[in-house]
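As a basis for the values below, the full set of heavy atoms in this structure was taken, side chains included, without hydrogen atoms, waters or symmetry mates.
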Amino acid sequence: MKTITTINGKEATLYSISMTRATGYGQYTINIQFGWDGQQFETNVRSADSMAFDDMNDAEDPGEFLYEEFKNTIEDVVLDLISESVAKNK
């Protein structure tokens with residue numbers, strides 16, 4: 001799908017981005033699956049963006065749409081998880 005260059009110059013590969021309804025009115029979960037340095041990661045981000053959810057369902061490529069719509073959030077979450085992983089392994 002997409003690659004993100006991390007702070008140490010390695011690339012993280014985004015495998016899957018999806019958005020599902022969460023519990024509670026107007027609540028959604030953005031599901032992110034990615035790989036970095038031979039490790040697989042899966043994380044979720046909460047959202048209340050119902051318009052993005054509707055637009056995603058109409059998009060030709062929902063994963064690409066979600067990446068572009070939530071690019072900064074997705075990249076921040078991925079980079080934070082990688083930083084945590086690096087800190088644990090030191």
Side-chain angles (χ1 to χ4, degrees):
M1 183 179 209
K2 291 274 187 200
T3 57
I4 300 170
T5 303
T6 64
I7 200 161
N8 63 359
K10 292 186 179 181
E11 292 185 341
T13 302
L14 296 173
Y15 298 125
S16 171
I17 304 169
S18 61
M19 188 176 196
T20 56
R21 290 185 192 272
T23 57
Y25 180 76
Q27 297 296 310
Y28 303 91
T29 302
I30 301 168
N31 310 294
I32 306 163
Q33 295 178 341
F34 69 98
W36 176 80
D37 198 29
Q39 298 177 65
Q40 299 274 20
F41 295 87
E42 188 170 326
T43 190
N44 300 312
V45 178
R46 301 287 262 174
S47 174
D49 193 337
S50 62
M51 290 181 65
F53 182 77
D54 292 341
D55 291 343
M56 174 208 61
N57 287 319
D58 294 334
E60 190 172 307
D61 184 343
E64 181 69 26
F65 169 79
L66 290 171
Y67 177 75
E68 292 302 325
E69 189 74 13
F70 297 103
K71 182 178 181 173
N72 292 336
T73 300
I74 291 168
E75 289 184 359
D76 287 348
V77 167
V78 167
L79 295 175
D80 285 349
L81 284 173
I82 289 171
S83 294
E84 287 176 22
S85 178
V86 168
K88 285 181 187 177
N89 294 324
K90 281 190 175 184

Gap between atom [atom2] of [Y] and atom [atom1] of [X] - 0.5 Å precision:
X	Y	atom1	atom2	answer
Thr3	Lys10	OG1	NZ	15.0 Å
Glu69	Ile17	CD	CD1	12.0 Å
Gln33	Thr43	CD	OG1	10.5 Å
Asp37	Glu11	CG	CD	12.5 Å

What closest approach, in Å, do [X] and [Y] show between heavy atoms, and which atom pair accounts for it?
X	Y	answer
Met19	Ser47	CE-OG, 3.8 Å
Ala12	Phe34	CB-CD1, 4.3 Å
Trp36	Ser85	CZ3-OG, 4.3 Å

Minimum side-chain heavy-atom gap Asp49-Phe70 below 4.5 Å |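 Yes, their side chains come closer than 4.5 Å.
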Please tabulate, one pair per line, all N/O donor-acceptor pairs under 3.5 Å involving side-chain atoms of residues 72-80, not counting sequence neighbours.
from  : atom 1 : to    : atom 2 : distance (Å)
Glu75 : OE2    : Tyr67 : OH     : 2.4

For Glu84, what residues pass the side-chain contact (heavy atoms from CB on, under 4.5 Å) criterion, not counting sequence neighbours?
->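 For Glu84, the residues satisfying side-chain contact (heavy atoms from CB on, under 4.5 Å) (neighbours in sequence not counted) are Leu81.
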Considering only distance and modelled atom types, tabulate donor-acceptor pairs under 3.5 Å from the side chains of residues 23-31, sequence neighbours left out.
from  : atom 1 : to    : atom 2 : distance (Å)
Thr29 : OG1    : Arg46 : NH1    : 3.4
Asn31 : ND2    : Ser18 : OG     : 3.2

